[in-house]
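Please read all numbers here as calculations on a predicted model, not as lab measurements.
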Amino acid sequence: MRILMQKWAFAPCVWVLSVASVFYFGVVGTYWAVTGEFTRWSGALLGWLGVDTAHLGYFKIIGLKGSILERIDGVMVLGMFLGMLGAAGLAGRIGFNLPTKAQMGRALFGGLLAGLGARLGLGCNLASFLTGIPQFSLHAWFFTLATLLGMGLAFKHLPLSCSQVVRQKPPKILNHALALCAFAGFMGLAWHLHHKLFYALCFGAFFGFVIAKGQVCFTTAFRHLFVQRQSAQVVALVWAMAVGSVGVFVYLQSGHSAKIMWASPGIALGGCSLGWGLCWQGV
């Protein structure tokens with residue numbers, strides 16, 4: 001039980017995530033990505049507000065059919081949230097902290113930049129670096145390099161911190177209750193889902209749990225490289241990408257179809273915007 005409550009080492013976590021993402025591709029037939037599903041949520045929200053999204057080209061590309069419980073990406077993202085909630089609850093890390101006005105402003109502006117960049121670039125650093133490059137898609141290289149450029153510029157020119165949050169000690173009963181809710185939510189969804197949707201839920205919960213336990217964050221990894229000149233986490237990410245590439249190649253040779261996206265100047269622009277936005281809201 002102790003191992004479920006303590007933090008896990010970064011490198012083994014990203015290696016395990018990379019291997020799991022390969023099996024995810026082989027089992028459900030798509031790569032591990034999250035921001036595309038978030039865009040579908042925004043499309044549904046616009047529909048509820050009376051906006052006609054049928055004529056919008058981007059939504060035609062990513063598809064808005066079905067509910068969140070009928071899409072592989074939707075179920076997988078729900079599983080990730082449950083996995084993260086369960087991991088944080090077991091570790092006793094869930095608490096209520098009031099951010100400062102400066103932090104809220106930076107989070108809002110950085111989130112807008114990152115969201116715009118993710119859509120221009122057809123994904124985030126997860127869908128490009130850890131899963132896009134192993135799919136042998138050229139756009140993922142453009143996006144990754146542009147994201148690193150955006151991060152490098154941001155770390156060089158942005159102030160490294162704003163006023164700190166006053167952190168409170170997380171109440172144990174709240175953490176235990178939320179961890180129990182996460183488990184109950186997972187079991188409830190698993191009971192009603194079948195076939196690939198069930199597998200997507202299981203993979204998502206695993207992804208979320210490992211990410212939370214290893215505190216895996218691409219922005220933090222590259223901050224260590226650009227600001228503190230520590231390369232251990234970035235090296236671990238590169239090895240994870242390499243392992244994923246080998247695994248995906250094996251699946252491609254067995255008849256699976258790679259998820260190849262188009263490359264354009266907009267991909268690079270999106271990468272720069274994402275890199276800058278992530279650093280703006282995260283430093």
For the pair H224 (side chain) and A232 (backbone), establish whether a donor and an acceptor sit closer than 3.5 Å, ignoring hydrogens and angles. no
Take V28 and M76 through the side chain to side chain contact (heavy atoms under 4.5 Å, CB included) test and state the conclusion after the steps. CA-CA 10 Å; V28 305; M76 187 277 295; over 6 Å; no
Given the rule that I, L, V, M, F, W and Y join up when any side-chain heavy atoms are under 4.5 Å apart, are V250 and V248 in one cluster? no
A221 to F10 - nearest heavy-atom pair and separation: CB-CZ, 4.3 Å
Nearest heavy-atom pair of A182 and G86: which atoms, and what distance? CB-N, 3.7 Å
Please determine whether residues V27 and L197 belong to a single hydrophobic cluster, defined as Ile, Leu, Val, Met, Phe, Trp and Tyr linked transitively by side-chain heavy-atom distances below 4.5 Å. yes
Give a yes or no answer on whether the side chain of S273 reaches the backbone of G270 with a donor-acceptor pair at less than 3.5 Å. no
Is there a side-chain contact between V75 and L189 in this structure, where contact means two heavy atoms from C-beta onward sitting under 4.5 Å apart? no
Side chain of T147, backbone of F143: donor and acceptor closer than 3.5 Å? yes
Closest non-hydrogen atoms of A240 and L130, given as atom of the first, atom of the second and distance, are CB-CD1, 3.9 Å
Can L145 be reached from I267 by stepping across I, L, V, M, F, W or Y side chains whose heavy atoms are under 4.5 Å apart? no
Between T219 and C279, is there a side-chain heavy-atom distance shorter than 4.5 Å? yes
Cluster check L120, W141: I/L/V/M/F/W/Y, side chain < 4.5 angstrom: no
Taking S18 for its side chain and W15 for its backbone only, find out whether a donor-acceptor pair lies under 3.5 Å. no
If you count the non-hydrogen atoms of other residues, nucleotides and ligands that lie under 6.0 Å from CZ in F38, is the total more than 12? yes
Reported CD-to-OG distance for the pair Q135 and S245, which is rounded to 0.5 angstrom: 9.0 Å
Atom pair CG/CG of L69 and L201 - distance to nearest 0.5 Å: 9.5 Å
Rounded to the nearest 0.5 Å, what's the gap from CZ on F203 to CH2 on W32? Could you check? 11.0 Å
Please name the pair of heavy atoms, one in V34 and one in C124, separated by the smallest distance, quoted to 0.1 Å. CG2-SG, 4.3 Å
Residue pair A268 / A146: nearest heavy atoms and the distance that separates them: O-CB, 3.1 Å
Do the non-hydrogen side-chain atoms of V22 and P134 ever get within less than 4.5 Å of each other? no
Pairwise distance CZ(F142) to OG(S264) - rounded to 0.5 angstrom: 9.0 Å
How are the rings of F155 and F226 set relative to one another: parallel (under 30°), tilted (30 to 60°) or perpendicular (over 60°)? tilted
Counterpart residues, side chain to side chain donor-acceptor pair (under 3.5 Å), relative to E37 (two or more places apart): R40, W41, R71
Test question: given the 4.5 Å side-chain rule for I, L, V, M, F, W and Y, name all other residues clustered with W48, or answer none. L45, L49
Is there a chain of hydrophobic side chains (I, L, V, M, F, W, Y, each step under 4.5 Å between heavy atoms) that links M241 to V243? yes
I'd like to know whether T131 forms a side chain to side chain contact (heavy atoms under 4.5 Å, CB included) with Y24, so could you lay out the CA-CA distance, the side-chain angles of the two residues, the decisive distance to 0.1 Å, and finally the verdict. CA-CA 11 Å; T131 59; Y24 179 75; over 6 Å; no
Ignoring hydrogens and geometry, is there a side-chain-to-backbone donor-acceptor pair from E70 to S67 under 3.5 Å? yes
Provide the closest heavy-atom pair for L225 versus S231 in the form atom of the first, atom of the second, distance. CD1-CB, 3.9 Å
Criterion side chain to side chain contact (heavy atoms under 4.5 Å, CB included) on L85 and F81, from CA distance to verdict: CA-CA 6 Å; L85 181 62; F81 282 132; over 6 Å; no
Just wondering, are more than 12 heavy atoms of other shown residues or ligands nearer than 6.0 Å to CH2 in W8? yes
For the pair T220 (side chain) and V216 (backbone), establish whether a donor and an acceptor sit closer than 3.5 Å, ignoring hydrogens and angles. no
Separation between CZ of F209 and CG of L82, rounded to the nearest 0.5 Å: 12.5 Å
Could you tell me the separation between the CH2 atom of W191 and the CZ atom of F186, rounded to the nearest 0.5 Å? 13.5 Å
Does the side chain to side chain contact (heavy atoms under 4.5 Å, CB included) test come out yes or no for F218 and L278, once each step is laid out? CA-CA 9 Å; F218 286 78; L278 290 176; over 6 Å; no
Enclosure of Y199 OH (heavy-atom neighbours >12, cutoff 6.0 Å): no
